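Model, not experiment: these values are computed from the prediction.
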Amino acid sequence: MEKKPFIPGPRPRPTGAPARRQQQPSAKDQYATNERIRAREVRLVGDNVETGIYTIQQALAIAEEQGLDLIEISPTAQPPVCKVLDYQKFLYQQKKHQKEQKAKATKVVVKEIRFGPQTDDHDYNFKLKHAIGFLKEGAKVKAYVFFRGRSILFKEQGEVLLLRFAQDLEEYGKVEQMPVLEGKRMIIMLSPKKK
């Protein structure tokens, strides 16, 4: 018996077997429509129909009569809730609504400003100017004094510095958290004032 030579590569698929491909559900497949609705009875809602419970055949007939689609908008309800709408228009409205929700969600940006316990006036004023800019943009400011080595002995000095910083920014932001010592840092949080 003669052996066939080994050829590396992908194994051939048995003839007649369909190719397996993982398909992710698209936005179009998110809602069951028309004949894809599996319930026997549905609750119809909407502007152009009389609200009530109908058999699936009656609901499909109403949608067909108006030249629109029957869309299952709440499949978990008993019976499932459906609307009679143009499916493309419905998808467009859903996408638009999601975009609006995303725009309304506020993104909180926190900017950090670091001081040493003995920061000089020039450096302090430079950082103060940056903090004013951050608060005007609507970002929160997390200012902290970092104590290195034995400088932890000057924690009162650090607290005075942070309170002075908060006082100088009173016009632009309000104190969200008073100075707190966390390890080697003393932190104060400021949030922008609402306009």
Side-chain angles (χ1 to χ4, degrees), residues 9-113 130-143 166 169-178 180 187-195:
R11 285 193 318 210
R13 198 167 17 118
T15 53
R20 276 186 249 140
R21 198 171 23 180
Q22 292 278 332
Q23 285 188 342
Q24 292 183 347
S26 66
K28 286 187 175 182
D29 300 335
Q30 193 176 355
Y31 300 95
T33 56
N34 302 328
E35 285 78 28
R36 288 182 34 218
I37 299 170
R38 296 281 164 233
R40 290 184 183 163
E41 284 187 328
V42 294
R43 180 182 302 277
L44 268 186
V45 294
D47 308 328
N48 46 3
V49 293
E50 193 174 314
T51 303
I53 297 173
Y54 296 88
T55 65
I56 189 70
Q57 289 81 15
Q58 289 173 320
L60 283 169
I62 291 168
E64 182 105 10
E65 197 177 284
Q66 295 180 18
L68 298 170
D69 300 301
L70 184 67
I71 306 164
E72 188 178 46
I73 55 171
S74 183
T76 54
Q78 283 302 60
V81 180
C82 293
K83 259 187 176 179
V84 176
L85 286 169
D86 178 24
Y87 190 51
Q88 295 303 318
K89 188 177 177 182
F90 175 72
L91 285 178
Y92 172 75
Q93 287 171 344
Q94 290 295 101
K95 205 179 271 185
K96 189 176 172 184
H97 180 69
Q98 285 171 352
K99 207 173 188 179
E100 284 172 9
Q101 292 293 76
K102 203 173 181 181
K104 281 181 186 175
T106 56
K107 294 174 186 84
V108 178
V109 179
V110 179
K111 300 284 188 174
E112 288 191 2
I113 294 180
H130 277 286
I132 290 169
F134 296 148
L135 289 169
K136 281 183 176 177
E137 289 170 12
K140 286 186 177 186
V141 174
K142 178 182 183 178
L169 291 171
E170 206 173 27
E171 198 178 311
Y172 307 98
K174 61 180 184 289
V175 177
E176 202 173 86
Q177 176 191 322
M178 291 305 279
V180 178
I187 299 167
I188 191 168
M189 284 291 286
L190 297 150
S191 55
K193 281 191 173 173
K194 301 277 186 276
K195 289 166 188 164

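- The heavy-atom pair separating Met178 from Ile188 by the smallest distance is C-CG1, 4.3 Å.
- Using cut-offs of 30° and 60° on the angle between ring planes, the pair Tyr87 and Phe90 is parallel.
- In this structure, OG1 in Thr33 is found 15.5 Å from NZ in Lys83, a value given to the nearest 0.5 Å.
- The neighbour count for Glu171 CD, taken as heavy atoms of other residues, nucleotides or ligands under 6.0 Å away, does not exceed 12.
- Counting heavy atoms from C-beta on, the side chains of Arg36 and Tyr31 never come closer than 4.5 Å.
- By the 4.5 Å heavy-atom criterion applied to side chains, Lys136 and Pro192 are not counted as neighbours.
- The closest side-chain heavy-atom distance from Cys82 to Ile37 is below 4.5 Å.
- In Glu64, the CD atom is not crowded: 12 or fewer heavy atoms of neighbouring residues, nucleotides or ligands sit closer than 6.0 Å.
- Residue Glu41 holds its CD atom at 10.5 Å from CD of Gln57, rounded to the nearest 0.5 Å.
- In this structure, CG in Leu190 is found 8.5 Å from CD in Glu176, a value given to the nearest 0.5 Å.
- Here NZ of Lys102 is found 9.5 Å from CD of Gln98. Values are rounded to the nearest 0.5 Å.
- Side-chain contact between Gln66 and Val84 is present, with heavy atoms from C-beta onward closer than 4.5 Å.
- Counting only residues at least two apart or in different chains, side chain to side chain donor-acceptor pair (under 3.5 Å) contacts with residues 67-80 comprise Asn34-Asp69.
- Considering only heavy atoms from C-beta on, Lys111 stays 4.5 Å or farther from Lys140 through its side chain.
- No side-chain heavy atom of Leu135 sits less than 4.5 Å from a side-chain heavy atom of Lys193.
- Counted within 6.0 Å of NZ on Lys89, heavy atoms from surrounding residues, nucleotides or ligands total 12 or fewer; the atom is thus considered open.
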Give the C-alpha distance, both sets of side-chain angles, the deciding distance and a yes or no for side chain to side chain contact (heavy atoms under 4.5 Å, CB included) between Val81 and Val42. CA-CA 6 Å; Val81 180; Val42 294; over 6 Å; no
Report the C-alpha distance between Leu44 and Ile53 in whole Å, list the side-chain angles of each, state the deciding distance to 0.1 Å, and finish with yes or no for side chain to side chain contact (heavy atoms under 4.5 Å, CB included). CA-CA 6 Å; Leu44 268 186; Ile53 297 173; over 6 Å; no
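- For the side-chain contact (heavy atoms from CB on, under 4.5 Å) test, residues two or more places apart in sequence or in another chain that qualify with Gln58 are Tyr54, Thr55.
- Within 6.0 Å of CD in Glu170 there are 12 or fewer heavy atoms belonging to other residues, nucleotides or ligands.
- Side-chain contact between Leu68 and Leu85: absent, with no pair of heavy atoms (C-beta onward) separated by less than 4.5 Å.
- Between Ile56 and Arg40 the shortest side-chain heavy-atom distance does not fall below 4.5 Å.
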